[in-house]
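Note on naming: letters A, B, ... go to the chains in the order of the sequence lines (proteins, then strands), and numbering restarts at 1 for each one. The structure presented is a predicted model; accordingly, all values stated were derived computationally and were not measured.
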There are 2 protein chains.
Amino acid sequence: MVVIPVKLPSQSYEVVIAAGGRYQVGSYLEKLSNIASDVPLLIVSNPKIWQLYGQDIQLALKKAGFKSAHCVLPAGERYKTLKTLQKIYDAALAHRLERRSTLIALGGGVIGDMTGFAAATWLRGINVVQIPTSLLAMVDASIGGKTGVNHPQGKNLIGAFHQPRLVLIDPDVLKTLPRREFRAAIAEVIKYGVIWDPQLFSQLEALPRLDDHRYISPEQLLEILERSCQAKVDVVTKDEREAGLRAILNYGHTLGHALESIGNYRLFNHGEAVALGMIGAGAIATALGYWSEAEEAAQLQLIQKAKLPTSISAKLDHSDIMTLLSSDKKVQGGQIRFVLPKGIGQAEITDQVPQDIIAQALAKLCSVVAT
Amino acid sequence: MVVIPVKLPSQSYEVVIAAGGRYQVGSYLEKLSNIASDVPLLIVSNPKIWQLYGQDIQLALKKAGFKSAHCVLPAGERYKTLKTLQKIYDAALAHRLERRSTLIALGGGVIGDMTGFAAATWLRGINVVQIPTSLLAMVDASIGGKTGVNHPQGKNLIGAFHQPRLVLIDPDVLKTLPRREFRAAIAEVIKYGVIWDPQLFSQLEALPRLDDHRYISPEQLLEILERSCQAKVDVVTKDEREAGLRAILNYGHTLGHALESIGNYRLFNHGEAVALGMIGAGAIATALGYWSEAEEAAQLQLIQKAKLPTSISAKLDHSDIMTLLSSDKKVQGGQIRFVLPKGIGQAEITDQVPQDIIAQALAKLCSVVAT
């Protein structure tokens, strides 16, 4: 078991990584002074995850004397909307949630983001506990308090910062995670290696395969989870509200968001889009002399080892991508902001990338061939 | 001109009360370091207020070098919904608002609450400036950072705390405020007298009439505004997130919200419902020995002087009201919480009111006859 403390001005909490942890959720919650046991908890999940793990959570809560209700939402990024959010609000009302009540997000990033946002905005803020079930949510979305839903024209445009009371990660549930989802999450793990933790980067280089959890031992997986979560916690702790440093976590995301959106969140999932975004940002970094061609190649190699996409279809219109890039929420004063690596383990934010360098990187993305 | 500083851990700002202040909005904003002038501001208003004062604000902004866009929403509490909120989000996207951008709420409480909530949740939080145009919004909603929209089954169930960068009150705009709205706001002014400021209570007692601004001199009005805003600021400063004290501002609101909701937000407006709620809570306070019959009568006299309703139609079903009361968001552990006056100028929160005392107060509300 690994416990990573998160100390923030707004709220401190722990990230607990424990195999089989889902069976202990009740006792973890019991230890928290701010989780009321005389009012029901509301578990929010999606149909598949609820079927797989809903009962485990319910029983574990019951064992510790907590009553719970649940609310099952349709799965998928396209349901991460104000309209779906309304279903959580309706359930909160139906189960008479109070200011001291707690929502439990049991699922991937979509469930975590929506449940977190519902908790941020129901009665102007109630407790939320994150139990991420996808690798992506474990290493990224569940930590740091970013919550929200999508606007039809852009991801996460509507949201709030709302820190959880606890993040409980049970690596055992990754056994049921589809391969494509696992790979996608590895993109974010590679990201942490590139922008923050050179040791994690080396660890990934040493692994023979990155495309499925079967090829990674439980010990190696635990270390990957720990180092990735620690990287996220380090950055978030230094900059809770994304005033500066935290933006480096958006490495690969400027272009990634545009690609996700242009593919209607179906062509590329989040991690795949981020992998492509990192290849694009990596190319820009090389063009600007931020890092070496060898480092760019090392990044590409990890992405290839995870069997993530390394090129975009020529069918995607470059000018559409450019338009989307400039409507990204990270745009400041009309300038597109990029996070660029300065060698392995460091990153910098800049809005001074010439348009032609961006265009070249896009062109390169069309020609990179996966091995 | 009166300036009331609001010092909060999350954000400090000023409430500026200045006749003709709307013509100076640009210069007030210029003085704030956190309002960016290189990105457009988005003014949110309703059709009537926009027609009356939109141009004043636009010109004042232009004079100080700010660009602005606007978004006009349908007027009325029944439009304070997630669906209307979507229109602000759409405008924010259309005008490419950034994280450093500012929303300006120009209107009454509905506009202020929705614009505040949109600012709290667009890109996880951007600036908001409140320019309240109703007396109710001036003395209540614009100060303290409560923002939100209604759920079909309850007021303000969806919301966030989000402090404004500035509250600019121009008493001159009250000339165009309908009488019914003016009176309704006086209910909240009376509330501040009862729960916080005995001097304000005496001032109101000394005035010959309270039912229209015409009977109140500009100097008296300024003093009412100042004392009311100061009362709100005092309470909010001591308890930003409504952990305790702040809840006394809900005096008259437990029952008030139920009456507003049961009348579908049309039979009674917010202030009228609060007036009735104060009469109900006042009766409970007398029954429990919290204050004297003379004090209850003094409160009733002010409410009558403001020509606010003092009784509810026998047609309203008491059991419906009781059901609504127990679904109120201020319910804790199934107990209905009331704010009760302990003499003029003090209040206390309790969830220990016996059901029969509540029933008696409701019965009394049916028999009180307006003079």
(request) Using heavy atoms and a sub-4.5 Å threshold, report which of residues 109-121 of chain B line up against chain A, by residue number. (result) B:Phe117, B:Ala120, B:Thr121
(request) Tell me, for B:Pro9 versus chain A, whether the close heavy atoms (under 4.5 Å) come from the side chain, the backbone, both or neither. (result) neither
(message) Less than 4.5 Å to any heavy atom of chain A: does that hold for the side chain of B:Leu93, its backbone, both, or neither?
(response)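 The side chain, not the backbone.
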(request) Check B:Arg124 against A:Thr147 and note the closest heavy-atom contact, atom names and distance. (result)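 For B:Arg124 versus A:Thr147, the nearest heavy atoms are NE-O, 3.3 Å.
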(request) Rounded to the nearest 0.5 Å, what's the gap from CD on A:Glu242 to CG on B:Leu123? Could you check? (result) 10.5 Å
Mind checking ring pair (Phe, Tyr, Trp, His ring centres under 6.0 Å) for [X] and listing every partner two or more places apart, or none if nothing turns up?
X        : answer
A:Phe161 : none
B:His95  : none
B:Tyr89  : B:Trp122

(request) Kindly indicate, with the supporting measurements, whether the criterion side-chain contact (heavy atoms from CB on, under 4.5 Å) is fulfilled by B:Lys83 and A:Leu82. (result) CA-CA 9 Å; B:Lys83 206 179 148 191; A:Leu82 280 181; over 6 Å; no
(request) Pick whichever of A:Ser101, A:Gly154, A:Ala36, A:Ala160 has the most heavy-atom pairs under 4.5 Å with chain B. (result)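 Of the options given, most contacts go to A:Ala160.
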